[in-house]
There are 2 protein chains.
Amino acid sequence: MDNPLARKLSHFTRLSASDQAALDLLSRQRVRQVNARHDLIREGDRPDHVNLILSGWACRYKTLEDGRRQIIAILLPGDLCDLNIFILRTMDHSMAAITPVTHAEVSREVLEEVTLKQPRITQALWWDALVTAAIQREWSVSLGQRTALERVGHILCELFVRLRMVGLTNGNCCEFPITQVDLADATGLSAVHLNRTLQELRAGELIVLRDRLLTIRDLPALQVLSLFNPNYLHLDAEGQQYGANEP
Amino acid sequence: MDNPLARKLSHFTRLSASDQAALDLLSRQRVRQVNARHDLIREGDRPDHVNLILSGWACRYKTLEDGRRQIIAILLPGDLCDLNIFILRTMDHSMAAITPVTHAEVSREVLEEVTLKQPRITQALWWDALVTAAIQREWSVSLGQRTALERVGHILCELFVRLRMVGLTNGNCCEFPITQVDLADATGLSAVHLNRTLQELRAGELIVLRDRLLTIRDLPALQVLSLFNPNYLHLDAEGQQYGANEP
DNA sequence: CGGCTGCTTGAACTTGTTCAACAGCGGTGG
DNA sequence: CCACCGCTGTTGAACAAGTTCAAGCAGCCG
């Protein structure tokens with residue numbers, strides 16, 4: 001299975017062959033490439049499609065007038081951006097590629113057709129949207145309450161688990177192609193302090209991060225240190241009751 | 001119009017008489033009272049209904065094991081909690097009343113019936129859900145990038161504008177029944193520093209806050225100081241194209 | 001009256017920021 | 001081929017913002 005969206009949704013529900021086919025169809029809609037650090041869409045734009053990340057990392061962000069920037073969310077392969085964007089007139093934030101990104105632009109019509117024909121997919125996309133909202137809430141907790149060390153540990157745990165869901169980890173390793181500046185903007189820390197915090201995690205023998213490759217040496221310890229409780233990711237196959245009964 | 005939800009949604013779309021009637025029906029579902037600082041629902045619960053706040057203030061919050069608490073969202077009259085909660089098995093956060101709260105518990109069945117019969121309401125509820133998500137993102141920006149002064153100013157602006165949408169302001173005044181401790185937990189500040197920050201806003205002649213009554217003495221100045229840009233609230237009647245054509 | 005909650009103040013302290021400089025690396029153009 | 005540039009990561013030191021601890025006051029309610 002090389003379709004990251006299908007892989008992710010199968011954590012929620014069992015997908016039939018026709019569900020799979022429908023998701024594959026989504027992945028083949030108008031496929032585009034974007035270079036690293038280029039915008040996919042900007043605040044004020046009015047999009048006419050939904051983006052599905054196929055490969056690479058992207059982010060949502062907002063900037064304040066004086067240049068301060070907050071990364072609001074990190075988008076990984078299999079992430080679908082703003083299902084019902086069609087209702088709001090304009091984007092209130094921007095999205096940018098962190099690495100080179102391939103994404104499919106799915107039109108409203110295609111999306112509606114798929115959700116109409118495949119109710120299990122509709123259900124699963126709902127689950128995905130609700131998890132996305134839960135992640136956003138957890139980030140608020142991090143930004144508001146966690147210390148620098150906890151915050152950085154937490155985001156590493158979260159990204160690792162999310163990457164594992166779409167098959168992008170290898171044992172306790174994963175590609176981790178984000179710069180320290182971007183990680184700092186995501187955690188609300190200065191780049192200098194983020195650097196020192198990473199060093200602290202390395203010194204504690206919790207992680208290795210070098211050459212865009214992350215190894216989590218002791219995930220349980222990192223989770224404890226970061227007060228990371230994965231239940232907000234709702235990974236416990238909650239939708240199995242809607243499982244496919246076709247082959 | 002004493003229905004805060006209808007009042008809020010009418011900022012997005014024109015509501016027909018039957019839309020109004022349907023929203024009034026929602027407000028009459030199983031009406032409950034909750035005392036101040038009591039939970040409406042707890043992390044781990046599995047709700048079987050959606051809450052519609054009719055009067056009073058509430059909040060969503062999460063606590064960390066060691067007692068640190070982050071208020072994730074503030075719920076005002078007219079706010080509807082988690083439309084599609086039915087999909088996720090358990091709550092990943094709690095909700096509590098800040099003041100005494102009256103709310104209607106709307107069952108899945110009633111909600112589905114209304115949205116099926118009144119497509120304009122469905123559309124408007126979508127708009128509301130997307131605005132809620134946008135608010136959550138803006139809070140991330142505040143927590144991650146804004147200084148204490150900006151953060152406090154920003155939340156005051158936001159709450160004032162949201163209260164105005166549901167008719168709970170009077171000129172530049174509004175009831176503001178939240179304690180400093182709760183405001184501190186919402187802004188990620190200590191209660192002591194929140195107190196000093198409020199004093200700074202008072203000293204700058206921007207606000208008066210006394211006896212649970214907030215007066216914004218200079219909204220434009222407060223907006224500038226807080227880098228408050230209301231476009232994330234999507235208030236510009238974006239859904240007028242779906243306006244009712246019945247009386 | 002006593003005890004509670006919410007607000008306020010002072011002072012010491014801690015965490016994270018800012019500023020500045022430098023090293024390593026890869027790409028580009030002379 | 002080498003010089004140079006820009007980007008990323010790293011380090012040190014001074015600094016600022018916000019926290020913590022501790023105490024006190026006002027109003028309210030039983």
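Convention: sequence-line order gives letters A, B, ...; per-chain numbering from 1. Because the structure is a prediction, the values reported are computed rather than measured.
Comparing D/dG9, D/dA22, C/dT18 by their nearest atom to the side chain of B/Val192 picks out D/dA22. The A/Arg196 side chain lies nearest to C/dT18 when the options are C/dG6, C/dT18, D/dT8. Checked against C/dT17, C/dT9, D/dG18, the side chain of B/Leu189 finds its nearest nucleotide in D/dG18. Taking the side chain of A/Asn195 as heavy atoms from C-beta on, and the options C/dG16, D/dT20, D/dT11, the nearest nucleotide is D/dT11.
Across the protein-nucleic acid pair, A/Asp185 atom CG and D/dT8 atom C1' stand 14 Å apart, rounded to whole Å. Across the protein-nucleic acid pair, B/Asp66 atom CG and D/dT20 atom P stand 11 Å apart, rounded to whole Å. In this entry the distance linking CD1 of B/Ile178 with C1' of C/dG6 reads 13 Å, nearest Å. Between the C1' atom of D/dT11 and the NE2 atom of A/His193 lies a distance of 14 Å, rounded to the nearest Å. Per the geometry, CD belonging to B/Glu150 stands 11 Å off P belonging to D/dA17, to the nearest Å. Straight-line distance from the CG atom of B/Leu214 to the P atom of C/dC7: 13 Å, rounded to whole Å. For A/Arg212 and D/dC7, the CZ to P distance is 14 Å, given to the nearest whole Å. Put simply, CD on A/Glu200 is 17 Å from C1' on D/dG9, counting in whole angstrom units.
If you run side chain to side chain donor-acceptor pair (under 3.5 Å) between B/His93 and each of B/Arg60, B/Arg42, B/Lys62, only B/Arg60 comes through.
For the OP1/OP2 pair of D/dT10 and a distance below 4.0 Å, the side-chain nitrogens and oxygens of A/Arg202 include at least one atom meeting the criterion. The shortest distance between the side-chain N/O atoms of A/Arg151 and the OP1/OP2 oxygens of C/dT15 is not below 4.0 Å. Dashed line: the shortest gap from a side-chain N or O of A/Gln199 to OP1 or OP2 of D/dT11 is under 4.0 Å. Side-chain nitrogen and oxygen atoms of B/Gln180 include none within less than 4.0 Å of the OP1 or OP2 phosphate oxygen of C/dT5. Between C/dC4 and B/Arg37, no contact under 4.0 Å exists linking OP1 or OP2 to a side-chain N or O.
Residue B/Arg210 is classed as having no contact, given no heavy-atom separation below 4.0 Å to the nucleic acid. Across all strands shown, B/Ser190 has heavy atoms under 4.0 Å from base atoms, whether or not it also approaches the sugar-phosphate.
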> After noting the C-alpha distance and the side-chain angles of A/Gln136 and B/Gln136, does the key distance pass the side chain to side chain donor-acceptor pair (under 3.5 Å) rule?
Replying inline: CA-CA 7 Å; A/Gln136 197 69 52; B/Gln136 197 70 51; over 6 Å; no
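The shortest non-hydrogen separation linking A/Leu40 to A/Ala58 is CD1-CB, 4.2 Å.
Look at B/Glu200 and B/Arg196 and you find no salt bridge, because none of the NZ, NE, NH1 or NH2 atoms lies under 4.0 Å from a carboxylate O.
Because its NZ or CZ atom is not both nearer than 6.0 Å to the ring centre of A/Phe176 and within 45° of the ring axis, A/Arg212 does not count as a cation-pi partner of that residue.
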